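Since the structure is predicted, the reported quantities are computational estimates derived from the model, not experimental observations. These values consider heavy atoms only, across backbone and side chains, with no hydrogens, waters or symmetry-generated copies.
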Amino acid sequence: MSDDKVGRSFFDALRTRTVATETSTGIPRGLRLATAYSWRLLVVAAAAGVAIWIIIQLKLLVIPLLIAILIAALLWPGLLWMLEHRVPRWAAIVVSVLATIAVISGLLWLAIWQISRQWSSVQARTVEAVGQLRQYLIDGPLHLTSTEIDGLLQQGWGFLEQQASLLWSGALAIGSTVGHVATGALLVLFILLCILADGGRIWRWVVRLFPRQARPAVDGAGRTGWRTVVTYARTQLLVATIDATGIGLGALFLGVPLAAPIAVLVFLGAFIPFVGAVVTGALAVFLALVYNGPWIALWMLVIVLGVQQLEGHILQPLLMGSAVKVHPLAVVIVVAGGAMIAGIPGALFAVPLAAFVNVVVLYVSRRSWETGVAPRPDEMIWSTVPRDRRKNA
């Protein structure tokens with residue numbers, strides 16, 4: 001018998017034979033299963049930790065890349081529509097990018113213009129409202145002393161500073177200098193143009209990096225994940241537009257100051273699911289409270305809740321032709337985890353990344369590239385379900 005055959009026989013015996021000892025037979029089966037799962041989970045956690053560490057080290061490149069991908073997902077339906085109507089690709093890309101820049105610049109200019117006009121008045125009314133609240137706490141049923149109020153305010157301010165520092169540390173991850181921000185913006189624009197102009201060829205090159213047998217799975221999983229991200233982006237754009245328009249007009253009708261900046265913040269905050277809506281809605285109610293009084297603040301709260309309910313249950317299914325199926329617990333946990341790891345960018349990208357990973361894992365585990373059966377909508381963090389399927393559910 002040759003040495004190769006002896007070696008193969010030896011290793012085959014190791015793989016197929018189970019050696020039983022007094023120690024192994026004495027260990028309960030449940031403990032052995034728990035141990036087997038534990039070391040595998042430790043390996044997965046270590047791999048995830050290394051991946052996160054590498055991403056943090058390359059944040060100056062990763063964050064612009066993710067921003068460009070998210071913007072490309074926002075522009076993708078409009079770009080495809082223009083291409084289907086015989087518009088040249090270069091013209092469709094120019095129109096999409098310039099329209100996006102014009103909209104963002106217009107919103108920022110409107111917000112800055114109104115803040116510059118009304119900021120002094122809002123600041124004075126806020127100081128006055130805080131003074132009235134302080135006097136009520138002293139003279140009211142609580143009978144707090146000035147020292148106790150100052151202590152509570154100091155604790156609250158310290159907590160807010162701590163949370164703001166945590167969030168802004170992630171928000172400034174692309175760089176704290178003007179040069180870093182400008183470089184990040186140029187990177188976003190360049191990557192966006194490359195994705196829109198030649199995204200298909202870039203993806204085919206990425207697929208060819210994998211072994212030949214794995215390419216169908218990688219290609220199918222990537223395309224399915226991209227469709228999920230596009231669905232997420234389209235849904236959030238609709239949510240942002242409806243919420244910003246309704247809440248901004250409501251603030252303007254009630255005479256709440258800074259109505260335009262409130263609408264802009266609501267629009268931007270809507271891209272962080274649930275958390276953004278709560279924070280920006282609370283800001284609108286707070287401004288109404290300190291500037292217009294409790295009754296206007298109550299009506300502002302009614303408008304915020306009403307617009308969000310109208311958007312979620314009537315306008316969104318009507319305009320999109322589908323009902324967005326999102327598990328709130330999963331989304332809130334993902335957003336909170338993303339904020340803890342990377343601040344505001346982490347909260348912004350947490351849901352689309354989780355949705356992408358979710359659908360990719362399901363696609364690969366189901367071997368959908370062979371069976372042709374896509375993951376079911378009720379299995380995904382973010383998906384759209386047609387009306388007829390929703391009624392039958």
Side-chain angles (χ1 to χ4, degrees), residues 11 14-16 18-19 23-24 27-63 65-66 69-70 166 169-170 173 203 206-229 232 272-273 275 325-371 373-383:
F11 286 112
L14 284 180
R15 284 194 295 267
T16 58
T18 302
V19 179
T23 303
S24 62
I27 298 176
R29 182 174 180 274
L31 182 58
R32 292 200 302 271
L33 289 175
T35 305
Y37 275 108
S38 297
W39 73 259
R40 288 175 172 84
L41 289 175
L42 286 175
V43 172
V44 172
V50 171
I52 292 174
W53 180 83
I54 293 175
I55 290 173
I56 292 174
Q57 299 305 310
L58 300 176
K59 58 182 176 290
L60 294 179
L61 177 62
V62 172
I63 291 180
L65 175 63
L66 293 178
I69 291 175
L70 187 58
L166 177 64
S169 64
W203 174 245
V206 172
V207 171
R208 286 197 295 270
L209 296 177
F210 291 84
R212 186 177 298 275
Q213 293 181 346
R215 290 175 188 174
V218 172
D219 184 57
R223 293 180 184 276
T224 305
W226 170 250
R227 287 193 293 269
T228 301
V229 174
Y232 164 82
I272 303 178
V275 177
K325 304 290 288 184
V326 187
H327 198 294
L329 179 60
V331 174
V332 169
I333 291 177
V334 166
V335 171
M340 292 174 62
I341 294 174
I344 293 177
L348 175 63
F349 300 123
V351 173
L353 280 176
F356 180 85
V357 172
N358 177 216
V359 72
V360 166
V361 170
L362 289 173
Y363 185 93
V364 173
S365 64
R366 298 286 180 81
R367 305 185 69 85
S368 298
W369 70 94
E370 294 178 346
T371 63
V373 179
R376 296 195 307 271
D378 58 349
E379 297 175 320
M380 294 187 286
I381 292 177
W382 197 280
S383 62

Quiz item: Is any side-chain heavy atom of Trp203 less than 4.5 Å from a side-chain heavy atom of Asp219?
Solution: yes
Quiz prompt | Distance in Å, Leu60 CG paired with Leu65 CG, rounded so as to fall on 0.5 Å steps | solution = 13.0 Å
Practice problem: Kindly give the heavy-atom pair with the smallest separation between Ala350 and Gly338, and that separation in Å. | Solution: CB-CA, 4.2 Å
Exercise. Taking all heavy atoms of Gly225 and all of Val359, pick out the closest pair and write down the distance.
Key: CA-CG1, 3.4 Å
Quiz item: So which heavy atom on Leu348 is nearest to which on Tyr232, and how close?
Solution: O-OH, 4.0 Å
Practice problem: Provide the closest heavy-atom pair for Phe349 versus Ile63 in the form atom of the first, atom of the second, distance. | Solution: CZ-O, 4.3 Å
Exercise. Quick one: pull up CZ in Arg223 and OH in Tyr363 and give me the separation to the nearest 0.5 Å.
Key: 10.0 Å
Self-check item: CH2 on Trp53 to CG on Leu58, rounded to 0.5 Å
Solution: 8.5 Å
Quiz item: Which heavy atom of Val334 sits nearest a heavy atom of Ala354, and at what distance?
Solution: CG1-CB, 3.8 Å
Quiz item: At what distance, to the nearest 0.5 angstrom, does OG1 of Thr35 lie from CZ of Arg40?
Solution: 10.5 Å
Practice problem: Report, as yes or no, whether the 6.0 Å neighbourhood of atom CD on Gln213 holds more than 12 heavy atoms from other residues, nucleotides or ligands. | Solution: no
Self-check item: Test log, rule side-chain contact (heavy atoms from CB on, under 4.5 Å), inputs Trp226 and Ile69
Solution: CA-CA 10 Å; Trp226 170 250; Ile69 291 175; 3.9 Å; yes
Quiz item: Arg227 versus Thr224: any side-chain heavy-atom pair under 4.5 Å?
Solution: yes
Quiz item: Which heavy atom in Val207 sits nearest to a heavy atom in Arg215, and how many Å separate them?
Solution: O-CG, 3.5 Å
